[in-house]
Number of protein chains: 2
Amino acid sequence: MSQQRHTETTSKIKQTFTILLKEKGLDALSVSDIARGSQINRGTFYLHYLDKYDLMDKLQEELIQDLLAILDTDVELSEMDNPLDIIPYSQILKALQYVKQEFTFIETLVGEHGDPKFVAKFKAIISAVIKEKVSHSSNLKLGTEHLPKDYADEILLSGVVSIILLWIRKGAIESPEQIAKMITQTRFLSPSEIAHA
Amino acid sequence: MSQQRHTETTSKIKQTFTILLKEKGLDALSVSDIARGSQINRGTFYLHYLDKYDLMDKLQEELIQDLLAILDTDVELSEMDNPLDIIPYSQILKALQYVKQEFTFIETLVGEHGDPKFVAKFKAIISAVIKEKVSHSSNLKLGTEHLPKDYADEILLSGVVSIILLWIRKGAIESPEQIAKMITQTRFLSPSEIAHA
DNA sequence: TATTAAAATCAACACGTTGTTCATAAAGGA
DNA sequence: TCCTTTATGAACAACGTGTTGATTTTAATA
């Protein structure tokens, strides 16, 4: 069927694109490269996408929508979740499992020749999940000083996201369960405690 | 003097490049754009740089070398420094003051159309400073689990770096002193404590 | 002031990529 | 079989690239 043929062409394009993106980055890669690598006519590419940026956008949008669908479901807390924690274990776990499922492309997006805009979107999604849970109380007294809310939010967020990004960049060696547990438990340790083991 | 003329040309190039980088990013910007914006002949650009990537490299290298010079000096701890802390207040302060001094270009490098490779280099420099101070003891017992050293290091690092990056991206409104103090003091709070003020 | 070397200009070059168009061919469902 | 969708192939003008060679400008210095 034509739908089948269509799918085959676009998935070949995605595959070639991922390889080229990983080895050269988006700037250095041309539509001609994609066409050559996919063994399709260059015109065929333009039948599906406006240009290489449009292709990148559409592939990322797939991931973003999937992640949103996974994380936006209102969770009734499962038995694993600690209601005091800022981020539900079960939701993080599901997100990590999805990352593993789409690993080839996500690893590339997060890697050296990847796209910081995707990382930013990913951060924003995690941020939304966290913010739902964080008490809406304003600033935190810090000795005689204030820790402004925007900085407090950023620190929280980066603690979670940096673990996930390191996991991906190392090749997702650990299981999603291990990482989810690590994230949950780390919430109760200060950097000073982490450093001076 | 000819040295003067040379400096004027390259600094005009840097200025135009910074503007274009901020508004389009490195991919979308051409050597022709730079030449037009700087009101120089395109050939003149190639008298100084191999291509736009070479220009980017050289501008970044300046910053990196300056930062290394600032941070590599072996500090005898100043009276402000707490010898127990993982990162010396006085060193961080000097780095932040330099960032403020070179703010226009650094803000661009760290911004939406900036270069993730620069952020990575910046992280690596901060990482080196931190690692000197962190106890070389291995893993940390975390309940019944271990927190692997690579993840512990990454969490420490991202806590510091994310504050600095947020500061830059917001336009460096706060003083370097405020940020340095924030970084130093935050080391003793867990994410959980930060969240539930 | 005249000389000289460095720095900048200008035009031209071949080349690759871009996005578009048009005519044609292949595929496969109705 | 017919018909629509999908893919092909060739050609197009436009633009950016990096390089060349001839020329002019600049400013230091002899």
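In what follows, chains carry the letters A, B, and so on, assigned in the order in which the sequence lines appear, proteins first and then strands, with residues in each chain numbered from 1.
The distance between atom CD of B:Glu8 and atom P of D:dT25, rounded to the nearest whole Å, is 18 Å. A straight line from CZ of B:Phe45 to C1' of C:dT9 spans 16 Å, rounded to a whole angstrom. Spacing between atom CG of A:Asp54 and atom C1' of C:dT20 amounts to 16 Å, rounded to whole angstrom units. For the pair B:Ile13 CD1 and C:dA7 P, the computed distance is 13 Å after rounding to whole Å. Separating the CG atom of A:Leu47 from the C1' atom of C:dC22 is a distance of 13 Å, rounded to the nearest angstrom. At whole-Å resolution of the value, CG in B:Asn41 and P in C:dA6 are 20 Å apart. Per the geometry, CD belonging to A:Gln39 stands 14 Å off C1' belonging to D:dA7, to the nearest Å.
Pairing each heavy atom of A:Ile168 with each of A:Phe103, the nearest pair is O-CZ, 3.5 Å.
Heavy-atom distances under 4.0 Å link DNA chain D to no residue of residues 18-28 of chain B.
Here side-chain hydrogen bond (donor to acceptor under 3.5 Å, both in side chains) pairs that include residues 100-112 of chain B, with residues two or more places apart or in two chains, are B:Lys22-B:Glu107.
Distances shown here put every side-chain N or O of A:His48 at or beyond 4.0 Å from the OP1 or OP2 atom of D:dT6. Checking the phosphate oxygens (OP1, OP2) of C:dA8, a side-chain nitrogen or oxygen of B:Thr9 falls inside 4.0 Å.
Residues satisfying the salt bridge (Lys or Arg N to Asp or Glu O under 4.0 Å) test with A:Lys170, not counting sequence neighbours, are A:Glu174, B:Asp150. A:Leu26 meets the side-chain contact (heavy atoms from CB on, under 4.5 Å) test with A:Phe17, A:Leu21, A:Leu29, A:Lys52, A:Tyr53, A:Met56; sequence neighbours excluded. Every residue two or more places apart in sequence or in another chain was checked for a salt bridge (Lys or Arg N to Asp or Glu O under 4.0 Å) with A:Asp27, and none qualifies.
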Take B:Thr186 and B:Ile194 through the side-chain contact (heavy atoms from CB on, under 4.5 Å) test and state the conclusion after the steps. CA-CA 9 Å; B:Thr186 308; B:Ile194 288 175; 4.1 Å; yes
Expected string for nucleotides 14-21 of chain D under the B/S/- scheme (protein heavy atoms, under 4.0 Å, primed atoms plus P, OP1, OP2 as sugar-phosphate) is --SBBB--
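Counting only heavy atoms from C-beta outward, the side chains of B:Leu63 and B:Lys121 never approach each other to under 4.5 Å. A:Asp57 places none of its side-chain heavy atoms less than 4.5 Å from the side chain of A:Tyr49. By the 4.5 Å heavy-atom criterion applied to side chains, A:Gln39 and A:Thr16 are not counted as neighbours.
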